[in-house]
S.K.: 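Okay, here's the structure, questions in a sec.
Proteins get letters first, then strands, A, B, ... in listed order; numbering begins at 1 in each. Reckoned from all heavy atoms, side chains included, excluding hydrogens, waters and symmetry mates.
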Amino acid sequence: MSNSLQTDYILDELLKGRLTLDEATAQLRQEGVEDTAMEINLHKAAAVAIQRYNIIQQVSRVHGEFTASGKPTGRIVSMQPFKILLRAAAAILVIAGLWFVYQYATVTDNSMYAEIYQPYELNTDRSQPTDPPPNGLVELFRKKDYAGVTKLYPGIEKPGNREKFLAGFSNLQTGNYGQAEALFREILEQSTQGGTGLYSDEAEFYLGLVLLKLGKNEEAVGYFKKIKENPFHTFHARVNRWTLTRLQWLD
Amino acid sequence: MNMTQEEILQNLKSADINSSVTFLYSNYFEQVVRSIASTGGNRQDGADIFQEAVIVLIDKVKTGAFKQQSGVGTFLLAIAKNLWLHEMRTRGRRVKREKMFMQDVPTGQEPESRVANPAGRYSITQLLQSTGEVCMKILTGFYYQDKSMRELLEEFNYENEQVLRNRKSKCMKKIKDLLSADKNLLENLKNLSMYE
């Protein structure tokens, strides 16, 4: 093997973790490499560039597909005579008016709850070092045994935000709205007092829903407004302007 | 297409990340673009920031820095938010600087509105592409897809392993020469970790 081939081989063995830094440095010196640190840095930088290049290429391909499909298409220019257009516009206005009246007449706490509601699935481990030791709550929740969760929760010593949220959500599912409200509020209170902020997005969203169930509509609207105004809120996509408008129609 | 958190992470850790990247774009691209458009940016800014955020997320997953404290989606949104806040701050400072120093000099030009980070992406792409297609394939196979020299030998049909090693070494030298001439890029790359 030539000198540069052997040098490359040593550097690759180092990158792949088959040689330690000390071993690689010693072997490079034997090969006559003077500035071993520079050689190692340069080799690693080149390998990192190759890895990043492949990521950039794959992401760019998908990016291109999405940005190209998002391009606005050309406008449709109607060639219909003015009279027909006017009639169509009038018909649309009447239909829109009727639809609007229908929406106003049929909006209720429950219909809004059903529309905004989103099931919650625990597919992420967000346990914290401060969380209580495993207690079976998460397993019951995953099995959707909400009654089991509400029964087990009071026995947990120093519950963390995860336990509070799972218990709150389970109470919501089992119709114990007052209990659910208290638990979600605890999470939010802790978050405003400099807590971890974990589950605060979830607590805000489901507290809004609980408040709808409890008929505290004005306060519920406040939470949904907050979610709507924060584009980075986890549940931002669940609340749009039309949802808020109809929430404000509630008594 | 539906993917669980585990499937996304598994796929992002592999060499072919297409399915998870497509999933992330399908589920979060519009949300981020709209959010940025509603906080002082435009669709182009949103698209750039999202692309950057996806690359950062992949980097965190591949280097083991993503500890699953939150879901992948929530994490991606948080990265996008931070990148956008940083971009807005940078723009704010840039505009202030320009106002301060160029008050009396009408340039007829708007302050530059490109997102800063694509420069780095562009440099890496240029660098790798200038080595030629065969080099890129060999180096990708060895350093990204983690293939052995034996596997690469079968794939590229070289006479023997020695010839292939020679070729690979020459390709690496080309990259190293180019990197040595681009100190900024070299410094940036030095600070990044190899994938696990």
S.K.: Of all the heavy-atom pairs spanning A:Ala49 and B:Leu189, show the shortest one and how long it is.
M.R.: CB-CD1, 3.8 Å

S.K.: Report yes or no: do B:Ser180 and B:Asp177 form a side-chain donor-acceptor pair below 3.5 Å?
M.R.: no

S.K.: Heavy-atom pairs under 4.5 Å with chain B - which of A:His236, A:His63, A:Gln58 has more of them than the others?
M.R.: A:His63

S.K.: Heavy-atom pairs under 4.5 Å with chain B - which of A:Ile56, A:Asp201, A:Ile50 has more of them than the others?
M.R.: A:Ile50

S.K.: Among pairs that include at least one residue of residues 48-75 of chain B, which meet ring pair (Phe, Tyr, Trp, His ring centres under 6.0 Å), considering only residues two or more places apart or in two chains?
M.R.: B:Tyr25-B:Phe50, B:Phe29-B:Phe50, B:Phe66-B:Phe75

S.K.: Between B:Leu192 and chain A, which part of the residue has a heavy atom less than 4.5 Å away: side chain, backbone, both or neither?
M.R.: both

S.K.: Quick one: which of B:Asn18, B:Leu127, B:Val54, B:Ile17 has the most heavy-atom pairs under 4.5 Å with chain A, could you say?
M.R.: B:Ile17

S.K.: Among B:Asp59, B:Ile58, B:Ile55, B:Leu186, single out the residue with the greatest number of heavy-atom pairs under 4.5 Å to chain A.
M.R.: B:Asp59

S.K.: Counting only heavy atoms not in B:Lys173, do more than 12 fall under 6.0 Å of its NZ?
M.R.: no

S.K.: Would a distance-only check, ignoring hydrogens and angles, find a side-chain to backbone donor-acceptor pair under 3.5 Å from A:Thr243 to A:Val239?
M.R.: no

S.K.: Between A:Leu188 and A:Tyr223, is any pair of side-chain heavy atoms under 4.5 Å apart?
M.R.: yes

S.K.: Let me know if B:Thr63 has heavy atoms under 4.5 Å from chain A in its side chain, its backbone, both or neither.
M.R.: side chain

S.K.: Within the structure provided, determine whether A:Arg162 and A:Leu198 are in side-chain contact (heavy-atom separation under 4.5 Å).
M.R.: no

S.K.: For chain A, which of B:Asn191, B:Val21, B:Leu178, B:Leu128 has the most heavy-atom pairs under 4.5 Å?
M.R.: B:Leu128

S.K.: Sort A:His43 into side chain, backbone, both or neither according to what part of it lies under 4.5 angstrom from a heavy atom of chain B.
M.R.: both

S.K.: Hey, are A:Thr36 and A:Glu39 close enough side-chain-wise for a donor-acceptor pair under 3.5 Å?
M.R.: no

S.K.: Go through B:Gln126 and B:Ser123 one step at a time and tell me if the side chain to side chain donor-acceptor pair (under 3.5 Å) criterion holds.
M.R.: CA-CA 5 Å; B:Gln126 288 282 93; B:Ser123 302; over 6 Å; no

S.K.: Would you mind telling me which of A:Leu15, A:Leu42, A:Asn41 has the largest number of heavy-atom pairs within less than 4.5 Å of chain B?
M.R.: A:Leu42

S.K.: Parallel, tilted or perpendicular: which fits the ring planes of A:Tyr206 and A:Phe235, with parallel below 30° and perpendicular above 60°?
M.R.: perpendicular

S.K.: Any sub-3.5 Å donor-acceptor pair from B:Ser169's side-chain atoms to B:Arg165's backbone N or O?
M.R.: no

S.K.: Going by residue number, which parts of residues 132-144 of chain B are within reach of chain A, meaning a heavy-atom gap below 4.5 Å?
M.R.: B:Met136, B:Leu139, B:Thr140, B:Phe142, B:Tyr143, B:Tyr144

S.K.: Relative to chain A, which segment of B:Ala15 carries a heavy atom at a distance below 4.5 Å: side chain, backbone, both, or neither?
M.R.: backbone

S.K.: If you count heavy-atom pairs within less than 4.5 Å of chain B, which of A:Asn54, A:Val48, A:Asp8 leads?
M.R.: A:Asn54

S.K.: Is the number of heavy atoms from other residues, nucleotides or ligands within 6.0 Å of CG (B:Asn184) greater than 12?
M.R.: no

S.K.: For the pair B:Asp146 and A:Lys16, find out whether any cationic side-chain nitrogen is under 4.0 Å from an anionic carboxylate oxygen.
M.R.: yes

S.K.: Measure distances from A:Ile40 to the heavy atoms of chain B and classify the residue's part below 4.5 Å as side chain, backbone, both or neither.
M.R.: neither

S.K.: Work out which heavy atom in B:Asn42 is nearest to a heavy atom in B:Ile36; give both atom names and the distance.
M.R.: O-CG2, 4.2 Å

S.K.: Between A:Thr25 and A:Leu21, which heavy-atom pair has the shortest distance, and what is it?
M.R.: OG1-O, 2.6 Å

S.K.: At a heavy-atom separation under 4.5 Å, does B:Lys170 approach chain A through its side chain, its backbone, both, or neither?
M.R.: neither

S.K.: Considering heavy atoms only, which positions within residues 152-160 of chain B lie below 4.5 Å of chain A?
M.R.: none

S.K.: As an exercise: rank A:Lys44, A:Gln57, A:Arg52, A:Arg61 by heavy-atom pairs under 4.5 Å with chain B and give me the winner.
M.R.: A:Arg52

S.K.: Could you tell me whether A:Glu139 and A:Lys143 have a side-chain N and a carboxylate O separated by less than 4.0 Å?
M.R.: no

S.K.: Show me the pairs that pass salt bridge (Lys or Arg N to Asp or Glu O under 4.0 Å) and involve residues 224-245 of chain A, at least two apart or across chains.
M.R.: A:Glu204-A:Lys226

S.K.: Given the options B:Leu185, B:Thr39, B:Asp16, which has more heavy-atom pairs under 4.5 Å with chain A than any of the others?
M.R.: B:Asp16

